[in-house]
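The next block holds one structure in the form of structure tokens; read it before the comments.
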Amino acid sequence: MSTHNVWTHKGTFLLAAVGSAVGLGNLWRFPYLTGENGGGAFILVYALTIFAVGIPILIAETMLGRNSRRSPIMGMRFLTRTHNTSRAWESIGWLGAASAFLILSFYSVIAGWAIHYTWQMLTGSLVGADAETISAGFDALLASPALLTLYHTLFIIASGLIVGMGIHKGIESGLRIIMPALFIILLVVLAYGVTNGDFRAAASFLFTFNIADLSLEGWLAAMGQSFFTLSLGMGAIMAYGAYMSSEISLTRTALAIAVVDTAVAMVAGLAIFSLVFGAGLDAGQGPGLMFVTLPLAFAEMPFGALVGGVFFILVLGAAISSSISLIEPVAAFLVERFDLTRPQAVFAMVLASWALGLLTVASFNVYAEGTIFHTLFGRSAFEFIELLTNIFMPLGGLLIALFAGWALTHSEVMKEMRTNETWFAIWRLLVRFVAPAAVAFVFLRAIPQVEGYLIPAIGALVIVGAFAAGRTFLVDDSQG
Ligand code: PFF
């Protein structure tokens with residue numbers, strides 16, 4: 001039997017999924033990736049993948065959760081039984097749990113930086129500081145294992161407390177305060193950016209489409225980002241979907257999540273680049289965009305310390321509403337499988353992830369180079385963990401698309417999607433073929449030897465393979 005309950009309100013799934021989706025991915029990663037990859041062209045590809053791959057998989061993942069009404073691992077186990085398919089599909093749940101655990105470990109460290117900057121801003125320590133001071137301050141933060149561990153610990157404890165209090169008292173109540181506050185703060189920061197910065201330059205940077213800027217690497221980054229930003233392929237959405245009332249249309253909900261998430265990324269991008277260009281700074285600063293370039297812009301502007309502090313509170317709130325969705329799927333599994341109490345389950349998950357996070361902490365200082373990770377994988381532990389999640393998330397998404405596309409029956413899908421046959425057909429085409437091919441393409445590009453004509457050739461193979469996989473591994477009588 002499923003031990004799950006249901007959200008108190010019909011709209012809570014939407015709230016929770018938006019909470020999960022809107023996070024460091026929107027406020028930190030999206031702007032810097034856009035900055036590094038030439039602006040408008042990157043955004044075009046990003047929007048395309050959100051609609052052609054992201055939304056269909058979002059629908060698929062929610063569907064698996066709501067259909068099974070269990071945590072991702074137990075849910076997939078249940079679905080493979082009820083749909084008479086290979087047990088191997090249970091790997092979707094395990095892959096998801098592994099990704100959640102890995103992502104939380106570094107997400108918490110980076111969110112911790114925002115605690116530092118909230119403090120620095122609100123105490124006015126950066127007012128009038130110059131570029132060198134601010135950049136040295138960031139380096140000093142990264143060089144301190146003690147500070148990084150402190151912030152990492154604070155952030156992960158706060159996230160754990162919310163999930164530990166349960167889906168109603170903890171997650172629902174928490175989100176009902178955090179999310180509206182986030183939207184208000186975002187608009188305040190945008191208004192500030194428009195009045196104090198260079199909005200025109202920001203808009204033209206984000207929305208001017210120059211085909212020459214469309215590098216293949218940017219294409220890949222856009223695709224990876226669309227998975228990360230929608231929290232796809234790792235069970236967070238499946239876990240939340242398990243608590244969703246059966247009456248709501250998944251199609252509309254998924255569309256709403258994607259639209260809000262994309263809108264937040266755009267507004268954040270507009271606000272951040274207005275400030276950055278207004279201060280005459282460079283947009284292509286990479287990961288340091290939010291923690292070095294932006295504080296510098298705030299340092300020079302009227303009321304910059306106050307608005308900057310509020311901005312970093314926004315970052316923290318967005319990060320915590322995402323980190324709780326990383327804890328929930330694993331905690332729910334531990335509760336279902338091992339009969340732990342919720343606080344025990346959360347504690348186990350958070351403690352393990354916290355400990356792994358220490359590797360990320362050390363990657364910026366004591367283990368910055370010359371460790372076993374560098375020797376074996378040519379990168380730091382942090383970069384290695386991030387790389388793993390960049391593989392696991394699309395892979396999980398691919399399997400989710402295939403399972404939902406091939407194993408679920410027409411009537412099951414129609415019941416969940418509550419849509420007409422045309423939309424159903426489009427969705428199924430996308431999850432059966434387009435999404436798998438797109439994900440395969442991303443993987444292939446990650447292998448440097450695979451170039452040129454091989455890509456479309458292997459892409460075609462994957463489409464045929466997806467078809468064969470669907471037929472072979474999924475015994476499903478009602479599919480025509
Ligand atoms: N979607 C979050 C963001 O954009 O910051 C990151 C994330 C949260 C990814 C939860 C995956 C996840 F399950």
Side-chain angles (χ1 to χ4, degrees), residues 13 15-34 46 49-50 54-55 57-58 61-62 64-65 71-73 92-93 95-114 155-156 159 162-163 171 175 178-179 182 186 221-242 254 257-258 260-269 287 290 314-333 349 353 385-386 388-397 400:
F13 172 77
L15 182 76
V18 168
S20 173
V22 171
L24 295 175
N26 306 59
L27 304 175
W28 168 66
R29 216 166 179 231
F30 174 79
Y32 91 70
L33 284 178
T34 311
Y46 166 81
T49 41
I50 290 272
I55 293 180
I57 295 185
L58 185 56
E61 187 169 339
T62 319
L64 298 185
S71 69
I73 295 174
I92 291 175
L95 212 56
S99 313
F101 168 72
L102 294 172
I103 295 177
L104 181 64
S105 78
F106 69 78
Y107 203 80
S108 168
V109 175
I110 294 174
W113 301 351
F155 182 83
I156 216 164
S159 312
I162 295 180
V163 186
I171 299 180
L175 290 174
I178 296 172
M179 298 312 290
L182 290 190
L186 187 63
M223 176 117 180
Q225 172 64 8
S226 66
F227 272 89
F228 189 80
T229 193
L230 290 179
S231 305
L232 290 181
M234 51 133 304
I237 293 295
M238 215 189 288
Y240 279 174
I257 298 167
V260 175
D261 184 69
T262 306
V264 170
M266 300 292 169
V267 171
M290 177 183 283
L314 164 72
V315 176
L316 272 176
I320 211 161
S321 66
S322 298
S323 65
I324 57 181
S325 76
L326 292 161
I327 301 175
E328 180 60 27
V330 180
F333 165 69
M349 155 69 173
S353 209
I385 294 170
E386 213 198 355
L388 278 185
T389 61
N390 282 340
I391 297 172
F392 287 0
M393 290 183 80
L395 195 60
I400 286 168

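Just so you know, these numbers come straight off a predicted model, no measurement behind them. Just follow the structure's listing: the first ligand is 1, and inside any ligand the first atom is 1. The chain is numbered in sequence order, starting from 1.
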Which of the atoms of ligand 1 are close to [X], meaning less than 4.0 Å from one of its heavy atoms?
X: Y107; value: 2 (C), 3 (C), 5 (O), 6 (C)
X: S20; value: 1 (N), 2 (C), 8 (C), 10 (C)
X: F228; value: 1 (N), 2 (C), 3 (C), 4 (O), 5 (O), 6 (C), 7 (C), 9 (C)
X: L326; value: 10 (C), 12 (C), 13 (F)
X: S325; value: 10 (C)
X: M393; value: 11 (C)
X: T229; value: 1 (N), 4 (O)
X: M234; value: 11 (C), 12 (C), 13 (F)

Residue pair T229, F30: steps toward the side chain to side chain contact (heavy atoms under 4.5 Å, CB included) verdict: CA-CA 8 Å; T229 193; F30 174 79; over 6 Å; no
Pair W113-V315, side chain to side chain contact (heavy atoms under 4.5 Å, CB included): steps then yes or no: CA-CA 10 Å; W113 301 351; V315 176; over 6 Å; no
Taking all atoms of both residues into account, what is the closest heavy-atom pair of [X] and [Y], and its distance?
X: I400; Y: M238; answer: CD1-CE, 4.0 Å
X: I257; Y: A21; answer: CG2-CB, 4.3 Å
X: A17; Y: I237; answer: CB-CD1, 4.0 Å

Geometric N/O contact I103 with ligand 1, under 3.5 angstrom: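 For ligand 1, there is no N or O atom that lies under 3.5 Å from one belonging to I103.
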Backbone or side-chain N or O of A236 under 3.5 Å from ligand 1 N or O: no
Residue from S99, P72, S325 passing side chain to side chain contact (heavy atoms under 4.5 Å, CB included) with M234: S99
Candidate pair M393 and F228, rule side chain to side chain contact (heavy atoms under 4.5 Å, CB included), full reasoning: CA-CA 8 Å; M393 290 183 80; F228 189 80; 4.0 Å; yes
Heavy-atom nearest option to atom 4 (O) of ligand 1, drawn from A21, A319, A17: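 Of the listed residues, A21 has the closest heavy atom.
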Residue selection (non-hydrogen contact nearest atom 10 (C) of ligand 1) among G96, S231, G25: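 Result: the heavy atom closest to atom 10 (C) of ligand 1 is in S231.
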CA sep, side-chain torsions, deciding dist, call: T62, F13, side chain to side chain contact (heavy atoms under 4.5 Å, CB included): CA-CA 10 Å; T62 319; F13 172 77; 3.3 Å; yes
